[in-house]
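Letters go in sequence order (proteins before strands), and every chain restarts at 1. Not measured: the values here are computed from a predicted model.
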Number of protein chains: 2
Amino acid sequence: MAAELWEPIRPPGSLAARIAERVEELMTEEQLKAGDRLPPERELATLLGVSRPSLREAIRSLAAKGRLSVRHGQGVFVEAPLTTKRLTSSLNSDEHDLDELYAMREVLEVPAAGWAAKNHTESGLERLQEAYELLVDAAGRQADWDELQRLDAGFHEAVVRVAGNRFLLRTLGVLNEIMAAGMETTLRHPGRLQQSAKEHTKILEMIKAGDSRGARAAARAHIRGAHAAALKYVEQQIQDAE
Amino acid sequence: MAAELWEPIRPPGSLAARIAERVEELMTEEQLKAGDRLPPERELATLLGVSRPSLREAIRSLAAKGRLSVRHGQGVFVEAPLTTKRLTSSLNSDEHDLDELYAMREVLEVPAAGWAAKNHTESGLERLQEAYELLVDAAGRQADWDELQRLDAGFHEAVVRVAGNRFLLRTLGVLNEIMAAGMETTLRHPGRLQQSAKEHTKILEMIKAGDSRGARAAARAHIRGAHAAALKYVEQQIQDAE
DNA sequence: GGAGGTATATTGGCCTGACCAGTTGACCGG
DNA sequence: CCGGTCAACTGGTCAGGCCAATATACCTCC
């Protein structure tokens, strides 16, 4: 039953929320660019036909998301969007940090590789092989980083699928989404692409051979390699910022 | 030259920002848990010694970050962290299988115990000890099964908290919810309560001693014991049904 | 006794108007 | 030219009021 069919007809959300939405709209349309100053609160409030407190609530909510910054005595300014994928912002929030996420990947992917070596079915191995080849092809033809990152994630996902634990699969799915949103692929790190390819090959071989211990070891080495590359990537970003 | 030497001396940030920070503090300390309702705006404003508009700005900024949700006529409520929400929806998208569930718990709780043994802080150990004693007390005074299950989950959560990985904590939290919703506690199984108590003691001792390997082994034995009890419990239910 | 409506209390939503507090720049006196 | 003062911005905060959505208790009617 579609209970959502008869929603209340009032304008959506609170006044402050609508104001914030409008301002964000202007920012995506580039009518407001980074560094621009908004009109003074009093003026903007009358322009929008709202009271100053309502406008201030909207400003505060955008400031909380980092889209605006307010400076006492000066005005309200548009901040640069966070599209520059900085670890410091997305991954270093109070939700989690980089080391925790990589530790988690190790916790999840090492047993996944082990189980995959034990439980493999023919069709599962086929899909794994396929994912592997897609990735190798892409690396060989110098595909762009986004595609490489997607195919890399695809290979890892295929491993976990063969392992056959849906909790594990779903959890790693969320983990990968968070990491993909918060940082660029570590494959950009010089030499990492080649090293990663070797490690993938090793993991695949071990799973095919049914060598559970070997698969676990290979997966562990792979995650640690990626972790190390990520740390170097962070270092470099900090240097670039200086 | 240390230009930062002469910073302005005023209290940091705007009033609304300080309020928001305080509320976030309470949330990380779990003094405010997901689903809790905050006091009414008017009341909370006087409690904090601020005006209602200032408080509302703080609430709005937290709402923008998804940490609070305000419902007209009802109140202001604490939201679960974004990661938890994603895990909840993702992990509930499949059927739940008992063996997979316990395998997943083993994957997560074994390293958690190991890390807890390495990383323990004084305050963390105190809370762990406290959770342990609550559980022992309840078992001693024949508390009802629901309470025992809650306190058992509390002890496990305390271990993961000491381990210090927030993603791990949230994943296990969601897993526990699934277990609590989908099955009765395995402690009902005859003799399991006593056995479980022993295993908890062992885990606690190992963590206190800083013995990472020992803690992992104890945690593994505990989960496997619970798994076995769960299997027997299911068997018995099938028999009862006949 | 149950279904339905109504009154009221409680909650957030929004406004007006005022005053406080940093920031800036023009102006004035040395 | 330098330094200080002051006035005009700007956001920061407060008080108090009324409106609107929601929940609850109660009451009426069947």
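The distance between atom CD of Glu43(A) and atom C1' of dA8(D), rounded to the nearest whole Å, is 15 Å. Rounded to whole Å, the distance from CG on Leu55(A) to P on dC14(C) is 13 Å. The interatomic distance linking Arg37(A) (CZ) with dT10(D) (C1') rounds to 7 Å, in whole Å. For the pair Leu38(B) CG and dG12(C) P, the computed distance is 9 Å after rounding to whole Å. Taking atom CD1 on Ile19(A) and atom C1' on dC15(C), their separation rounds to 12 Å, with Å as the unit. Distance CD (Glu41(B)) to P (dC14(D)): 14 Å, rounded to an integer number of Å. The separation between Ile59(A) atom CD1 and dG11(D) atom C1' is 9 Å, rounded to whole Å.
Taking every side-chain heavy atom of Val50(B) into account, dC14(D) is the closest of dC14(D), dG12(D), dT10(D). Distances from the side chain of Arg60(A) to the nucleotides dG12(D), dC15(C), dG11(D) place dG12(D) closest. Of the candidate nucleotides dT13(D), dC14(C), dT11(C), dT13(D) has the atom lying nearest to any side-chain atom of Leu15(B).
Between Glu41(B) and Arg52(B) there is a salt bridge, with a side-chain nitrogen of the basic residue lying less than 4.0 Å from a carboxylate oxygen of the acidic one.
His96(A) and Asn165(B) share no donor-acceptor pair across their side chains, judged by distance under 3.5 Å alone. For the residue pair Gln237(B) and Tyr233(B), a side-chain donor N or O sits within less than 3.5 Å of a side-chain acceptor on the partner.
Put simply, Ser54(B) has a side-chain N or O that comes within less than 4.0 Å of OP1 or OP2 on dC14(D). Remark: Arg56(B) is in phosphate contact with dG13(C), judged by side-chain N or O atoms under 4.0 Å from OP1 or OP2.
Within 6.0 Å of atom CD in Glu21(B), 12 or fewer heavy atoms from other residues, nucleotides or ligands are found, so the atom counts as exposed in its surroundings. Taking a 6.0 Å sphere around CD of Gln142(B), one finds it holds 12 or fewer heavy atoms contributed by other residues, nucleotides or ligands.
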**Message:** Show, in sequence, the C-alpha distance, side-chain angles and deciding distance for Arg60(A) and Ser14(B), and conclude whether the side-chain hydrogen bond (donor to acceptor under 3.5 Å, both in side chains) test is met.
**Reply:** CA-CA 11 Å; Arg60(A) 271 320 208 296; Ser14(B) 70; 2.5 Å; yes
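Closest-nucleotide positions on DNA chain C for Pro53(A) and Val76(B) were compared, and the one nearer the 5' end corresponds to Val76(B).
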Where do N or O atoms of nucleotides 18-24 of chain C meet protein N or O atoms at under 3.5 Å, pair by pair?
from: dA18(C); atom 1: N6; to: Arg52(A); atom 2: NH1; distance (Å): 3.4
from: dA21(C); atom 1: N3; to: His72(A); atom 2: NE2; distance (Å): 3.0

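Applying the salt bridge (charged side-chain N to carboxylate O under 4.0 Å, His left out) test between Arg161(B) and each of Glu126(B), Glu29(B), Glu30(B) identifies Glu30(B) as the sole match.
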